[in-house]
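Only this structure's heavy atoms are used, side chains among them; waters, hydrogens and symmetry mates stay out. Proteins get letters first, then strands, A, B, ... in listed order; numbering begins at 1 in each.
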Amino acid sequence: MTEPQNTLAEIRATRIGKVAACREQGIDPYPYRWESTHSHADLQAKFAHLEPGAEVDLGVAVAGRVKAKRVLGKLAFLNLEDESGTIQLYLERQALQTAFEQLKHLVDLGDILGAQGTLKRTERGELSIKVTSYTLLSKALQPLPDKWHGLTDVAKRYRQRYVDLMVNPQVRQTFRTRALITAALRRYLDRRGFLEIETPVLQTEAGGADARPFVTFHNTLELPLYLRIATELHLKRLVVGGFEKVFELGRIFRNEGVSTRHNPEFTSVEVYQAYADYQDMMALTEDLVTTVAQEVLGTLQISYQGVSVDLSPPWRRVTMAAVVQAETGLDFEKFTTLPEARAAAEALGIEGLEGCLSPGQVMNAVFEQRVEATLVQPTFVLDYPVEISPLAKTHRSKPGLVERFELFVVGRETANSFSELTDPLEQRRRLEAQAARRAAGDEEAAGVDEDFITALEYGMPPTGGMGMGIDRLVMLLTDSASIRDVIAFPLLRPES
RNA sequence: GGGUCGCUAGCUCAGCGGUAGAGCAUUCGGCUUUUAACCGAUUGGUCCCGGGUUCGAAUCCCGGGCGACCCA
């Protein structure tokens, strides 16, 4: 241990040597329990008014990770960090004797320590614990990243999130906020009588959305299974069964690319309310998001990546046709044939029109490529083409459209809602059209879920449904640029 | 899928054709009010990988890997 040790392997070997040294000196480097009297934030708040130089003869116990260590001859200072914050430990050799020497040689940055002592504010104004005894609670074998610059390598931050969390407090704050958001959302729905019911992740038909599923296999049943791409079809079965207000907040899996906005597994909440339509769901969505934002952030005026966003209701409501016309000048209500719609879109430079088989799909392509990004302030876009909405009821007054809205904020689709299609025969026709697309090679198109159709045949009340991307909501409310910043362990390609 | 940028010590980074560098961390010593402590010393490298050009490559070229950003 007297030789210099500097590669990671050597640093680790040195620390393993310290583990052995601890045991030789009767110190358990991995003990079982510790009881603190206060969190660090508690102490900082409770003694905020203690004068520099003043001491309080109150015994306290704290614990946390050693983030800084300054030994000054017969005196030492440690910064100890717990989940709530940091507090300084003040240690004197005179008071600690051998424990002081052990501190110098056996305690490293990154170790977890418990400490008991009394409070004092140092001459320099730092609230400190004048330590009477301390206990090693866990010996760290790996060194902490740079104490000042922390860990900035993005790949390493995602691959070793525990290190990221350890040294970047704002990352901890993001996940704390995420937990507050989902808790507030559940509280909101609970207050309004919605019941959270868990539906299967493993399914024999992956329906409810246009997406490629992950495939797996049940050995005993010798059954190919899909991971769900939506919770929609099972939650609707629950509505058929008589639950009038249900929701599920859970993980969805889509076998798609990875980007700043997409992770193969992500979290959605889907909400279904019997006897309601999409107008009711719009009111619910607006109220839900503003309530959650108000509870979690305490304001509806937020900033996202430098852009001010005003979440105050009422939010803008505009039909897809109207907003497309406003942004591009194209009036799709006048196009009756595919060729004229395509020609108009082509003139705008819209791409991917080969896949569009109807004027409605062309309008949607124009919307996605020219309009979405402009919808920065919260906006409900209403009344989508029926061809791209197989689970939505046709519009009660506008032919060719369905009663559907999507919510856009900062240019991103954040929620999607329908007056749910409840006519079983119509639903069968729509799903069979999807299945035909799949047979023709579209891997994002779903097959027909026969049991779902049968459920509808038993009779489903008029129902409003809404699905919302939780990750995108958390990104918005935590000002996070990438979905990977709001998913604790995002999917990455393995190294090497 | 395309383009741009990045990858050098445990961490943060410099070096951009001529002996592999700094700060922090580590290790040792000093120091009774520090807080990015300080002072002195010590030490640490598959310069992402493979190939090429060159007397000589971390540096230039080609291919690959991983990542970031932008575009689709």
Sugar-phosphate only, base, or nothing, as touched by A/Gln369 at under 4.0 Å among non-hydrogen atoms: nothing
Aromatic centroids of A/Phe380 and A/Phe405 separated by under 6.0 Å: yes
P-based separation of B/rC47 from B/rG30 [nearest Å]: 38 Å
Test log, rule salt bridge (Lys or Arg N to Asp or Glu O under 4.0 Å), inputs A/Asp108 and A/Lys139: CA-CA 8 Å; A/Asp108 289 303; A/Lys139 183 71 201 156; 2.7 Å; yes
Integer-rounded Å distance: B/rA68 P and A/Asp485 CG: 10 Å
Closest to side chain of A/Tyr158, choosing from B/rU26, B/rG44, B/rA68: B/rA68
Interatomic distance, A/Trp148 CH2 vs B/rG23 P [rounded to whole Å]: 18 Å
Between C1' of B/rA25 and CG of A/Asp108, the distance in whole Å: 10 Å
Below 4.0 Å: OP1/OP2 of B/rA25 and any side-chain N or O of A/Lys147: yes
Side chain of A/Val154 - closest among B/rG10, B/rA68, B/rU26: B/rA68
d(CD1, A/Ile11; C1', B/rC11) in whole Å: 10 Å
Pairwise P distance for B/rC60 and B/rG1, with rounding to whole Å: 27 Å
Sugar-phosphate only, base, or nothing, as touched by A/Lys69 at under 4.0 Å among non-hydrogen atoms: nothing
Shortest side-chain distance from A/Gln94, nucleotide among B/rU32, B/rC31, B/rG67: B/rU32
From B/rU32, B/rU27, B/rC11, nucleotide with atom closest to A/Leu75 side chain: B/rU32
Neighbour count above 12 (heavy atom, 6.0 Å) for A/Lys67 NZ: yes
Whichever of A/Glu123 and A/Asp153 has its nearest RNA chain B nucleotide further upstream toward 5': A/Asp153
A/Arg484 side chain to A/Ser259 side chain, donor-acceptor N/O pair below 3.5 angstrom: no
Any N/O donor-acceptor pair, A/Lys120 side-chain to B/rU33 base, under 3.5 Å: yes
Base-pairing mate for B/rC5 - Watson-Crick or G-U, with both contacts under 3.5 Å: B/rG67
Rounded distance in Å between the P positions of B/rA20 and B/rU32: 43 Å
Nearest-angstrom distance, P atom, B/rU59 to B/rG63: 16 Å
Candidate nucleotides B/rC31, B/rU12, B/rU33, ranked by approach to the side chain of A/Thr122 - the nearest: B/rU33
Nearest-Å distance once atom C1' is located in both B/rC70 and B/rG10: 33 Å
Paired nucleotide for B/rC24 [Watson-Crick or G-U wobble; both distances under 3.5 Å]: B/rG10
Whole angstrom value for the distance that separates P of B/rU46 from CG of A/Leu8: 11 Å
Integer angstrom distance from the C1' of B/rC5 to that of B/rC38: 40 Å
Whole angstrom value for the distance that separates C1' of B/rC24 from CG of A/Leu109: 10 Å
Minimum-distance nucleotide (side-chain atoms of A/Arg159 versus B/rG44, B/rG67, B/rC31): B/rG67
Options B/rU33, B/rC28, B/rC11, nucleotide nearest the side-chain atoms of A/His105: B/rC28
Residue of the set A/Ile252, A/Ile470, A/Val486 for which side-chain contact (heavy atoms from CB on, under 4.5 Å) holds with A/Phe266: A/Ile252
N/O (side chain, A/Lys156) to phosphate O (OP1/OP2, B/rC11) under 4.0 Å: yes
Euclidean distance for P, B/rA9 against B/rU46 (whole angstrom): 8 Å
Touch class at under 4.0 angstrom, heavy-atom based, for A/Thr260 against every strand present: sugar-phosphate
Sugar-phosphate, base or nothing in reach of A/Thr152, heavy atoms under 4.0 Å: sugar-phosphate
Closest listed nucleotide, where the reference is the side chain of A/Leu151 and the choices are B/rC28, B/rU12, B/rC31: B/rU12
Interatomic distance at C1', B/rU42 relative to B/rU26, whole Å: 10 Å
Gap separating the CD atom of A/Glu406 from the CE atom of A/Met466, nearest 0.5 angstrom: 12.5 Å
A/Thr14 and A/Glu10: side chain donor to acceptor below 3.5 Å: no
Watson-Crick or G-U wobble mate for B/rC31, both contacts under 3.5 Å: none
Candidates B/rU32, B/rU27, B/rC11 - which lies nearest the side chain of A/Asp146: B/rC11
Distance in angstrom units between A/Asn6 CG and B/rA9 P, rounded: 13 Å
Ring-ring centroid check A/Tyr90 A/Phe77, cutoff 6.0 Å: yes
Sugar-phosphate, base or nothing in reach of A/Gly352, heavy atoms under 4.0 Å: nothing
Sugar-phosphate, base or nothing in reach of A/Glu351, heavy atoms under 4.0 Å: sugar-phosphate
Rounded distance (Å) that lies between atom P of B/rU32 and atom CD of A/Glu101: 12 Å
Sugar-phosphate, base or nothing in reach of A/Val167, heavy atoms under 4.0 Å: nothing
Sugar-phosphate, base or nothing in reach of A/Arg493, heavy atoms under 4.0 Å: sugar-phosphate
Watson-Crick or G-U counterpart of B/rA57, or none if no pair lies under 3.5 Å: none
Proximal nucleotide (of B/rU27, B/rU33, B/rA25) relative to the A/Lys18 side chain: B/rU27
Near-ring test A/Phe408/A/Phe367, centroid separation under 6.0 angstrom: yes
